[in-house]
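Notes to accompany the following structure.
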Protein chains: 2
Amino acid sequence: MKKNLTLKQIAKELEVSVSTVSKALKNSEEISEATRQKIQAFAKLYNYKPNNIALSLKNRKTKTIAVIIPEVVHHFFAMVISGIESVSNQKGYNVIICMSNESYEREVINMEMLASGSIDGFIISLSKESQEKKDYHHIKEVINQGMPVVMFDRVTREVYTDKVIIDDVLATQEAIQFFLSKERKKIAMISTPDYISVGRLRTEGYIRTLEQNDISVNEDLILRIEDETKLTEQLENLFDTQDFNALMAVNEIYAVAALKVALRRGIKVPEELNIIGFTDGIISQHSTPAISTVKQNAFKMGEISAKLLIDKLEADNEHEHYITEVIGTELLHRETTSL
Amino acid sequence: MKKNLTLKQIAKELEVSVSTVSKALKNSEEISEATRQKIQAFAKLYNYKPNNIALSLKNRKTKTIAVIIPEVVHHFFAMVISGIESVSNQKGYNVIICMSNESYEREVINMEMLASGSIDGFIISLSKESQEKKDYHHIKEVINQGMPVVMFDRVTREVYTDKVIIDDVLATQEAIQFFLSKERKKIAMISTPDYISVGRLRTEGYIRTLEQNDISVNEDLILRIEDETKLTEQLENLFDTQDFNALMAVNEIYAVAALKVALRRGIKVPEELNIIGFTDGIISQHSTPAISTVKQNAFKMGEISAKLLIDKLEADNEHEHYITEVIGTELLHRETTSL
DNA sequence: GTGAAAGCGCTAACAG
DNA sequence: CTGTTAGCGCTTTCAC
């Protein structure tokens, strides 16, 4: 068990000074061809690797970025991470991933811990609890310290920074409009509480489309899931008490759960009921029938978030100029919509 | 935009020495009550946070551990990460996650990059390609440098270190034995190529159980999926050419894909065909019918991996003593097995 | 061409 | 009680 080699050790071994070694390894013109060769050969032989931590301390940059997400287990977030990883690695950055578990406190702790030197910037999607509390001081503080932050998907207008989102309202409108074009006007909406930004926006898209088409909105057709453990229960109640021939869900879990309830009742999908979910994940693809969805291009969201962040990290100028990228979505028809 | 406060700045501001500040903030007895108070108040006021990088350099430990996995998008791996995060955070460790994308090269690059000071230890599940190449020198090297490594799930006996696995053979045997107990003796097996350790082991469990029950093994009933894009195609071919009344799949994607093919052909599940998958993920839970699975306790695997690693990190002694933890599995009956 | 010295932010042994 | 000093591993002036 040999410890990692340091410049100092090489220097001693070769009887030169530390700075000579440092320069030689950087191929500096200052050092004679001969010593350069000797030192480089030695370093290669003993597999010298500069200590990242020391470099970080010196350069004041760590070449790592932190991603704070509510959950990895959701396909959407996993895909975003993939996208972030992909461009980060390409550009020589490491990625630290922290889960807030939808908790405000964990979000704060993680950010504070990382903000003190460990990383160069953040990519974050807000936890449920932070959105509920509307407390974003931890994010503002980090930004104030001069650390770049990119928010994606679950964002807030209260924080002024770069953002990557989809047009939730528009995407939902397209889906609802599709139902209407097929003369399916009794549409149920399975959403989240309004304090979750994306849920609110999607519900808004739903309501707005109905209104634009002079269809009165029946609040009883809108289910806002507060507690996911009671999801099926609430869906069953909806199916029991309401009459509808189309259903929109704000994520794929809700969509597949609704599908399951429908199937169990012998409701024919898509003949009697059309379903469109959000997130083009494994669940939607593999369920029977396969679920039509609004494809969010999560991977691309990750790529763009990382790109925005790294651009900011490597820009020398300090323009306080932030942009919000809106990623296009796509209505993907599979087997739960009838064309 | 204020930069992060340092001890030096506090010292200057308060006209004391840096070490006084350092000690005062550590509540050292050496420092007078008065100055301690003053310094602590000042630090709190200006929100002083020690620089982690500097601490790491000093202490030669970074309090972060790296996880190298083939993919985050798989529920199993996502759950393992959750488990790792959970205990790591509890013990004050950060988690870096890197995806090898099943590539040997990315695995090597990631490990080499991180091994140079950025982290204290690794938790790793081998990429397909590394297993195929049987090339583990990068892992051995890191271990040789004195860095603790824990392997989980996709492990190899060629590397001597701590491991966390399930008993793949046994778990599969239980499932197959269940089929047999229901007089379902024509069992198809959807597995991976043999160079993937877990696939090989599960196939072995399948074969062994049949042999123990004096049932001849029909190789045509064993499908080893090399290329996931051709999964459905190969399954369809299996259904076309073979006759079976039970099916075992080594992961939930294969299971749900098989279910889908069966359903499409009007085969009744579970009446005409029983299915058991591996990994108790969202897909299995939400498909219709819900898929019975071998529950792998991925979360627990993560927890134990992290625990093993951190124990090693915090042990002062250097016993070269490695253990392999075998996590219990559980056959979870849902709707694709008939009791 | 090579090396000594300072410094990144912090800690700790040792003086005073 | 407080301060000086050295050092973690590396880079970068600035002397020699």
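To find a chain, count down the sequence lines: A is the first, B the second, and so on, and within it residues start at 1.
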Using a strict threshold of under 4.0 Å (side-chain N to carboxylate O), is an ion pair present between E29(B) and K23(B)?
no

Between dG3(D), dC8(C), dT2(C), which one does the side chain of R60(A) approach most closely?
dC8(C)

Rounded to whole angstroms, how far apart are CD1 on I31(A) and C1' on dG3(C)?
9 Å

Distance in Å, I31(B) CD1 paired with K38(B) NZ, rounded so as to fall on 0.5 Å steps
11.0 Å

So, does S32(A) get its side chain near the phosphate of dG1(C), meaning an N or O under 4.0 Å from OP1 or OP2?
no

Kindly give the heavy-atom pair with the smallest separation between M99(A) and E71(A), and that separation in Å.
SD-OE1, 3.9 Å

Please report the distance, rounded to the nearest Å, between CD in Q9(B) and C1' in dG7(C).
14 Å

For T35(B), report the nucleic acid contact type (base, sugar-phosphate, nothing); a contact means any heavy atom under 4.0 Å.
sugar-phosphate

Quick one about Q131(B) and T156(B) (side-chain donor to acceptor, distance below 3.5 Å, no hydrogens or angles considered), yes or no?
no

I want to confirm an ordering. Mapping V16(B) and L57(B) to their closest nucleotides on DNA chain D, which one lands closer to the 5' end?
V16(B)

How about E107(A) and S130(A): does a side-chain donor come under 3.5 Å of a side-chain acceptor?
yes

Close N or O pairs between protein and nucleotides 10-12 of chain D (under 3.5 Å):
unit_1, atom_1, unit_2, atom_2, d
dC10(D), OP1, Y48(A), OH, 2.5
dC10(D), OP1, N51(A), N, 3.1
dC10(D), OP2, L7(A), N, 2.6
dT11(D), OP1, K26(A), NZ, 3.0
dT11(D), OP2, S22(A), OG, 3.0
dT11(D), O2, K58(A), NZ, 3.3

Distance-minimising heavy-atom pair for S116(A) and N4(B):
CA-ND2, 4.4 Å

